[in-house]
Amino acid sequence: EEDEALIADGDPETAPAKLQQAVAIDPGNGDARYDYVKLLLERAAHPGFWQSVTGSQESDEQLAQTAVREVAEETGISAGPRDLVDWHLTNRYEIFPEWRHRYPPAVTENVEHVFSLLMPARVTVSVSPGEHLGYVWLPWQEAARAVFSWSNRDAILMLPHRLRSD
């Protein structure tokens, strides 16, 4: 039996829920074969580590509010809750040892909730300098190869199906 006190999923006794967001653009050319282009951010603390927009839920927020706030904080992109799609997908993973200091001592795993934001075109991104070194827009296949996280990779690989069915 699992000890739920070791899982970070919004429980104030443990740690806030984490979010992963697939920010992508749709070129809108009507061709079913076209590629989605995915936004990735390079972590400041780990140069060469690329990821989707991620973040932690604050105690008084709904998950969609967290997603909106994190997109704005990490990219400067303004979106509202209705602009985001909740995939109703969660990933459970072990927290990397180098990031455990951000969590209460007993927390070793996290639960991540996946959202997406579909942009009509590429926009200039203003990265949060303390968190990220830069950004890049990549075709989804390249983005899936570039990220360090399996959960980022899996969500990116689902983009074409998920975004066309929404």
Side-chain angles (χ1 to χ4, degrees), residues 7-10 15-28 32-46 48-58 61-96 98-99 102-103 107-123 125 127-128 131-166:
I7 309 302
D9 188 25
K18 296 294 281 186
L19 294 177
Q20 175 194 159
Q21 297 172 80
V23 178
I25 63 166
D26 174 353
R33 297 166 294 170
Y34 66 81
D35 289 339
Y36 286 95
V37 178
K38 172 77 173 76
L39 174 66
L40 295 181
L41 303 170
E42 184 178 16
R43 293 192 62 90
H46 295 278
F49 278 48
W50 292 89
Q51 67 178 43
S52 299
V53 172
T54 62
S56 296
Q57 183 181 31
E58 293 181 357
E61 288 180 318
Q62 297 295 315
L63 288 172
Q65 293 171 313
T66 302
V68 167
R69 179 180 53 74
E70 288 292 344
V71 166
E73 287 177 5
E74 294 193 5
T75 69
I77 295 172
S78 179
R82 290 179 175 218
D83 299 323
L84 297 162
V85 175
D86 183 346
W87 288 22
H88 302 283
L89 173 67
T90 57
N91 298 308
R92 180 184 227 141
Y93 60 89
E94 184 176 352
I95 300 165
F96 289 125
E98 65 262 31
W99 289 311
R102 299 178 179 176
Y103 299 87
V107 176
T108 59
E109 289 189 329
N110 207 342
V111 175
E112 173 182 77
H113 304 268
V114 182
F115 287 79
S116 61
L117 171 63
L118 188 61
M119 306 289 296
R122 292 182 199 206
V123 296
V125 171
V127 296
S128 175
E131 290 187 70
H132 302 104
L133 297 175
Y135 73 95
V136 65
W137 292 97
L138 293 174
W140 65 271
Q141 301 96 326
E142 288 180 43
R145 288 190 296 270
V147 295
F148 73 93
S149 162
W150 67 265
S151 64
N152 268 197
R153 181 199 65 227
D154 289 356
I156 292 167
L157 292 173
M158 288 185 242
L159 269 174
H161 172 72
R162 295 297 293 221
L163 296 180
R164 286 193 184 119
S165 64
D166 289 336

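The figures here come from the full heavy-atom set of this structure, side chains too, leaving out hydrogens, waters and symmetry mates.
- Partners of E142 under the salt bridge (charged side-chain N to carboxylate O under 4.0 Å, His left out) rule, at least two apart in sequence or in another chain, do not exist in this structure.
- Legend: residues meeting side-chain contact (heavy atoms from CB on, under 4.5 Å) with F148, ordered by chain and number and at least two apart, are R43, F49, Q51, F96, W99.
- Side chains of T108 and I95 form no contact here, defined as non-hydrogen atoms less than 4.5 Å apart.
- With rounding to the nearest 0.5 angstrom, the CG atom of N152 is 6.5 Å from the CD atom of E112.
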| request: Apply the test side-chain contact (heavy atoms from CB on, under 4.5 Å) to residues T90 and V114: give CA-CA distance (whole Å), side-chain angles for both, the deciding distance (0.1 Å), then the verdict. | output: CA-CA 6 Å; T90 57; V114 182; over 6 Å; no
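- Put simply, the side chain of D154 never gets that close to the backbone of S151: no donor and acceptor are under 3.5 Å apart.
- L39 is not listed as a side-chain neighbour of V123, based on a closest heavy-atom distance of 4.5 Å or more.
- For E98, the CD atom is densely surrounded, since the number of other residues' heavy atoms within 6.0 Å is greater than 12.
- For the atom pair S116 OG and L89 CG, the distance stands at 10.5 Å (nearest 0.5 Å).
- Under the rule for a salt bridge (charged side-chain N to carboxylate O under 4.0 Å, His left out), the partners of E94 that lie at least two apart in sequence or sit in another chain are R100.
- Here the side chains of V85 and L118 are not in contact, with every heavy-atom distance at 4.5 Å or above.
- Judged purely by atom type and a 3.5 angstrom limit, W50 has no side-chain atom pairing as donor or acceptor with the backbone of Y135.
- Remark: the backbone N or O of Y93 is not paired with any side-chain donor or acceptor of N110 at under 3.5 angstrom.
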| request: Begin with the C-alpha distance, continue with both residues' side-chain angles, and end with the deciding distance and a verdict on side-chain contact (heavy atoms from CB on, under 4.5 Å) for T54 and E74. | output: CA-CA 8 Å; T54 62; E74 294 193 5; 4.3 Å; yes
| request: Output, in order, the C-alpha distance, side-chain angles, deciding distance and verdict of side-chain contact (heavy atoms from CB on, under 4.5 Å) for W150 and N91. | output: CA-CA 10 Å; W150 67 265; N91 298 308; 4.0 Å; yes
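- Between V111 and H113 there is a side-chain heavy-atom pair separated by less than 4.5 Å.
- Partners of E61 according to the salt bridge (charged side-chain N to carboxylate O under 4.0 Å, His left out) rule, which considers only residues two or more places apart in sequence or in another chain, are R69.
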| message | Set out, in order, the CA-CA distance, both residues' side-chain angles and the distance that settles side-chain contact (heavy atoms from CB on, under 4.5 Å) for Q57 and L63, then state yes or no. | response | CA-CA 7 Å; Q57 183 181 31; L63 288 172; 3.7 Å; yes
